[in-house]
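We name chains A, B, ... by the order of the sequence lines, and we start the count at 1 in each one.
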Amino acid sequence: MEKAYNPQSIEQKWYDNWEKNNYFAPSGEGNPYCILIPPPNVTGSLHMGHAFQHTIMDTLTRYHRMKGDNTLWQTGTDHAGIATQMVVERQLAAANIKRQDLGRDAFIEKVWEWKHQSGGTITQQMRRLGNSTDWSREAFTMDDNCSNAVKEVFVRLFDEDIIYRGKRLVNWDPKFHTAISDLEVENHEEKGFLWHFRYPLANGAKTADGKDYIVVATTRPETMLGDTAVAVNPADERYKELVGKSVMLPLVNREIPIVADDYVDMEFGTGCVKITPAHDFNDYDVGKRHNIALVNIFSKDASIRTTAEAFDYKGKTLEDFDGRLPEGYPGLDRFDARKKIIADFEQKGLLDSIKDHVLQVPRGDRSNEVVEPFLTDQWYVAVESLAKPAIEAVEQGDIKFVPENWSKTYFQWMYNLQDWCISRQLWWGHRIPAWYDAEGNVYVAEDEASVRKKYNLDESVELSQDNDVLDTWFSSALWPFATLGWPEETKELETFVPSSVLVTGFDIIFFWVARMIMMTLKFTGKVPFKEVYITGLIRDESGEKMSKSKGNVLDPIDLIDGIDLESLVEKRTGGMMQPQKAEKIAKRTRKQFADGIESYGTDALRFTFCALASTSRDINFDLGRVEGYRNFCNKIWNAARFVLSNTEGEDCGQNGGEMELALADRWIWGRLQTAIADYEKHITEYRFDLASSSLYDFIWNEYCGWYLELSKPVLSSDASSDAAKRGTRHTLVNVLDNILRLAHPMMPFLTEEIWQRLAPLAGNDGSTIMTQSFPSYDESRVDSAAVADLEWVKLVVEGVRNIRGEMNISPKTTVPLLVHNGNAEDKRRLQENETFLSTLAKIESIQWTEADDELPMAATSLVGDMEILIPMAGLIDVEAEKARLTKELDKIGKEKARLAGKLSNPNFVDRAPEAVVAKEKEKLAEVEGVLSKLEEQKAQLDNM
RNA sequence: GGGCGCUUAGCUCAGUUGGGAGAGCAUCGCCCUUACAAGGCGAGGGUCACUGGUUCAAGUCCAGUAGCGCCCACCA
């Protein structure tokens with residue numbers, strides 16, 4: 001074995017081996033255990049969030065596989081409609097080509113090309129991470145299975161009137177020319193203005209205070225071209241007389257009514273609101289109540305139309321509407337139109353005032369363009385009937401959120417669910433299985449032939465398919481059953497629905513989790529998963545969200561392989577949307593990673609993710625932690641080197657033979673059981689942080705720190721019997737074997753590499769650690785007496801080490817040890833463990849002294865009532881020892897005062913449970929004993 | 001406006017039913033001791049954000065305050 005742990009040289013070969021041997025497929029035996037991967041974007045690449053969640057999923061998967069469950073980690077990727085289309089369009093743009101130039105079919109062909117070309121990136125990266133997903137079942141949301149499921153679901157929901165088509169206001173992205181759902185709109189505060197416009201009253205009407213106009217306030221002046229009413233609150237005395245009268249809409253010169261509606265807040269602005277039903281969601285509702293026409297003034301790119309068009313609320317065009325728009329406006333971009341409107345109002349003396357105003361601006365999550373409420377024909381899912389059982393499933397505990405708190409977020413959204421707009425005016429995606437005849441009648445079935453059959457349409461009827469595609473999340477919603485073969489009644493469907501746990505971020509609870517619950521319940525009658533483990537978001541070390549524009553992104557692969565500074569700077573600053581930030585980012589990066597990033601390997605990265613995975617909290621990713629856990633890998637590596645070098649070619653008891661277990665052997669077997677129990681408890685509760693830390697503590701501090709040291713004297717001493725040596729070798733090998741199996745789910749590569757060499761010594765001929773049984777707690781292995789004895793040995797060693805450390809006694813120097821005031825138990829332990837003590841504390845001789853023996857001047861320490869002494873002659877500075885004792889006295893004195901105070905409080909003694917009081921008394925007695933001994937020792941020194 | 005979360009050592013974070021404040025990294029001292037200097041041994045370091053309450057006892061429970069963050073929502 002190499003002297004230092006080198007992840008590069010061991011990782012990839014094992015992954016290839018596992019994959020080739022098909023170890024990732026379900027065994028077909030045992031209890032079903034299934035995790036569905038949240039399908040990453042097929043053309044995407046692995047970011048820290050993926051790496052984190054995949055580590056959690058893989059750890060669970062490997063753990064359950066070893067537990068003997070019939071384990072499936074269902075994998076696959078998502079076609080990610082807008083995101084993917086954007087990427088390909090951007091590439092074409094570089095060659096000066098628009099998708100319209102290519103036409104639909106050729107463009108889609110290009111996207112598939114891109115998918116084939118870059119679609120392997122993320123799956124390759126998942127392999128680097130060691131993810132044991134069953135690749136033979138890899139799915140894609142646009143493959144035949146999923147497409148069939150999508151069509152089937154769409155048709156069934158349409159036939160049940162749950163999917164419908166309607167002309168309504170939607171969130172329109174003027175950049176991509178498509179509708180988007182409410183969820184894809186991000187509202188953020190931005191600074192803007194509130195413009196106050198004067199609308200002249202028509203037909204000589206006057207306000208109560210004699211003015212011939214009323215003032216409306218708006219944040220979006222350009223929409224006034226589509227105003228069809230002005231609204232006031234019915235209770236507003238100022239405008240009561242004007243309700244039913246009308247104003248002359250400036251510029252357009254259209255007479256529009258003044259209506260009364262409770263929606264209007266009298267306190268806000270002037271109490272008069274312009275109503276533009278075709279360009280504002282609130283106004284739409286107001287307009288609908290008063291049956292005021294919808295006037296659309298925008299084209300698809302949100303520029304002003306040549307002429308406005310008007311509709312009623314059933315979507316019917318109002319043919320006799322005069323849609324002329326004022327000169328100079330048609331064709332203007334909305335923001336230019338805004339400027340011109342303001343200028344025109346000012347020029348006409350109708351601009352009353354302008355006030356600063358902070359408002360919520362809705363932007364498309366992909367385009368970052370200001371989204372327009374826009375009147376279009378779209379497909380919707382009526383969610384009410386689907387939501388009810390989905391809410392109940394969580395209420396009744398059929399689905400549990402972990403941490404439980406997230407169910408509140410889920411309920412909050414589910415109780416206020418709006419119909420889901422599922423059509424997108426894109427080309428990349430599942431084309432909607434709907435056809436129209438020349439009259440615009442709609443027919444829905446899987447394909448055109450089915451349509452003709454279902455609706456009895458012969459060949460003479462011309463049909464054309466709907467041009468729109470479905471929201472990406474529509475197919476994602478079917479993931480839990482579409483990937484398992486639905487609508488066929490497959491064995492997988494039977495076995496793995498519901499899946500065991502969904503591991504995902506809170507950011508897609510609405511987008512994805514809720515919709516999977518609704519759809520899976522609807523179509524399989526079962527919940528999609530029993531638990532939802534919500535992970536935190538990975539942020540940078542100071543809590544900032546990782547983003548390209550901030551320049552703080554870490555690539556998990558760079559943490560695995562390492563990267564030099566220049567490449568990192570180039571990666572962070574290349575191809576930026578805002579190149580002006582590049583310099584700052586480069587500077588920051590150079591400062592933070594002066595030497596680039598070291599190669600830490602996959603196992604260290606995975607272990608770090610586990611260690612950071614505490615609940616209900618975002619994760620500030622700290623590179624220091626990775627380094628620490630890389631060192632942990634090295635620790636395990638070297639422990640294995642030690643074990644192998646002492647056991648290979650030796651008799652480790654694997655073939656029988658008499659074995660005698662030393663105290664240390666019995667102790668470590670017992671400690672192992674505790675480690676197993678702790679680990680399993682924590683994993684079951686999704687506390688990967690606690691599981692990893694108990695593992696870390698056991699391996700580093702107990703197995704390496706104590707046990708390996710304790711094994712040395714047994715192995716090297718001539719006094720040890722063959723049986724004892726065999727017992728210790730056996731323990732070294734088999735406890736390590738258990739450690740490797742415990743650690744395997746989190747650190748698959750390192751453990752496999754070592755296990756392969758270790759297995760024969762443990763009498764094991766399995767071909768991979770992946771399919772070994774997971775260690776289970778074995779009470780018969782816990783020897784409490786041995787544990788107590790060894791804890792005593794540790795105390796003695798620590799006592800001596802403390803003196804040595806504080807007194808700066810060189811590690812090379814061996815020291816004599818005197819023991820005083822010990823009891824019979826101490827004496828036994830001392831005699832039985834002289835070798836351990838001598839080796840671990842570097843003691844040259846041990847001398848038992850009786851109560852009345854004369855003692856030399858010495859530095860002392862206490863183990864219970866027993867004093868241990870290291871004579872000072874030539875070794876110890878009296879003043880230093882005095883200082884050490886004073887420090888100790890001080891600490892113990894404070895503790896005594898605290899305990900005595902507590903026990904002298906009658907309230908405590910009377911009211912606290914007896915056991916607690918007794919415990920405190922016991923502690924006080926102990927502390928007092930220690931104190932008096934320390935004082936005695938100090939007095940002795942003072943007398944020198 | 002509604003909902004959720006966070007504040008513990010210099011940094012990143014644990015702390016489960018209330019009962020002696022912990023880990024890793026960083027720091028300081030001594031050591032290249034035959035598994036490991038990516039290491040060993042020892043040490044220092046905290047008014048648990050603040051205020052009040054409940055309790056014999058509060059990092060932990062309750063109320064409030066401050067700061068930070070997130071989600072949802074139609075005030076023009």
Side-chain angles (χ1 to χ4, degrees), chain A residues 1 3-5 182 187 194 216-220 231 263-265 267-276 280-286 357 359-360 373 405-406 408-409 411-413 416 506-507 509-510 536-537 539 541-543 598 600 604 611-612 614 616-625 627-646 681-682 685 687 689-690 693 696-697 704-705 708-709 712 716 798 801-812 842 887 895 898-899 902 905-913 915-917 919-920 923:
Chain A
M1 279 175 89
K3 189 170 178 204
Y5 163 67
D182 297 344
N187 290 292
L194 198 53
V216 297
T218 181
T219 55
R220 304 178 59 225
Y263 158 69
V264 180
D265 178 355
E267 308 295 317
F268 190 89
T270 60
C272 297
V273 185
K274 62 189 272 307
I275 300 298
T276 323
D280 184 286
F281 290 103
N282 293 314
D283 293 6
Y284 181 93
D285 293 338
V286 175
H357 185 67
L359 68 159
Q360 294 279 330
N405 237 333
W406 287 107
K408 287 188 190 168
T409 305
F411 287 133
Q412 195 200 343
W413 190 66
N416 299 295
F506 62 83
D507 49 331
I509 289 179
F510 307 144
L537 240 46
R539 299 170 175 278
E541 69 289 344
S542 48
E598 262 186 88
Y600 296 113
L612 293 176
S614 58
S616 70
R617 179 182 193 114
D618 284 351
I619 291 153
N620 296 356
F621 193 85
D622 180 13
L623 258 190
R625 296 288 290 261
E627 185 168 347
Y629 294 126
R630 189 274 318 264
N631 295 351
F632 179 49
C633 291
N634 187 50
K635 191 76 181 173
I636 296 174
W637 181 259
N638 278 291
R641 283 179 59 221
F642 172 80
V643 171
L644 289 169
S645 72
N646 280 288
K681 174 177 186 286
H682 294 139
E685 292 168 354
R687 290 302 305 266
D689 56 335
L690 300 180
S693 90
Y696 183 97
D697 184 54
C704 296
L708 294 190
E709 294 307 319
K712 288 175 186 176
S716 64
E798 280 166 346
R801 280 177 178 174
N802 178 277
I803 293 170
R804 298 182 67 113
E806 295 258 309
M807 295 303 122
N808 274 339
I809 298 172
S810 159
K812 284 180 190 153
K842 285 261 180 189
K887 197 170 72 181
E895 179 68 3
R898 193 185 65 81
L899 288 165
K902 206 169 176 181
N905 177 356
N907 281 328
F908 172 71
V909 182
D910 295 346
R911 300 196 200 182
V916 175
V917 177
K919 202 171 150 200
E920 296 294 297
K923 273 191 270 179

Taking only side-chain nitrogens and oxygens of Lys812(A), does any of them come within less than 4.0 Å of OP1 or OP2 of G40(B)?
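No, because none of the side-chain N or O atoms of Lys812(A) sits under 4.0 Å from OP1 or OP2 of G40(B).
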
Please determine whether a side-chain nitrogen or oxygen atom of Asn620(A) lies at a distance below 4.0 Å from atom OP1 or OP2 of C13(B).
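For C13(B), OP1 or OP2 has a side-chain N or O of Asn620(A) closer than 4.0 Å.
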
Separation between the [atom1] atoms of [N] and [M], rounded to whole Å:
N: C25(B); M: A38(B); atom1: P; value: 13 Å
N: G1(B); M: U60(B); atom1: C1'; value: 32 Å
N: C13(B); M: C75(B); atom1: P; value: 34 Å
N: A21(B); M: G15(B); atom1: C1'; value: 9 Å
N: U7(B); M: C62(B); atom1: P; value: 15 Å
N: U17(B); M: A58(B); atom1: C1'; value: 14 Å
N: G44(B); M: G24(B); atom1: P; value: 15 Å
N: U33(B); M: G45(B); atom1: P; value: 31 Å

Assign [X] to base, sugar-phosphate, or nothing according to its heavy-atom contacts below 4.0 angstrom with the strands shown.
X: Arg630(A); answer: base
X: Leu690(A); answer: sugar-phosphate
X: Arg687(A); answer: sugar-phosphate
X: Lys887(A); answer: sugar-phosphate
X: Pro906(A); answer: nothing
X: Arg801(A); answer: sugar-phosphate
X: Cys704(A); answer: base

Any donor-acceptor pair under 3.5 Å joining the side chain of Glu709(A) to the base of A35(B)?
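Such a pair is found, so the answer is yes.
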
Donor-acceptor pair present, Lys635(A) side chain and C36(B) base, under 3.5 Å:
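By the distance-only test, yes, there is a pair.
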
Partner nucleotide, any strand, of U7(B) [Watson-Crick/G-U, under 3.5 Å]
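When the pairing criteria are applied, A66(B) turns out to be the nucleotide that pairs with U7(B).
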
Describe, in one word, how the ring planes of His357(A) and Phe268(A) are oriented to each other, choosing from parallel (under 30°), tilted (30 to 60°) and perpendicular (over 60°).
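Perpendicular, since the angle between the ring planes exceeds 60°.
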
Charged N to carboxylate O under 4.0 angstrom, Lys923(A) versus Glu920(A)?
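Answer for the salt bridge query: yes.
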
Can you give one letter per nucleotide of nucleotides 69-76 of chain B, 5' to 3': B if a protein heavy atom sits under 4.0 Å from the base, S if only from the sugar-phosphate, - if neither?
-SSSBBBB

Find which nucleotide of RNA chain B each of Glu798(A) and Trp637(A) is nearest to by heavy atoms, and output the residue with the more 5' nucleotide.
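Looking at RNA chain B, the more 5' nearest nucleotide goes with Trp637(A).
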
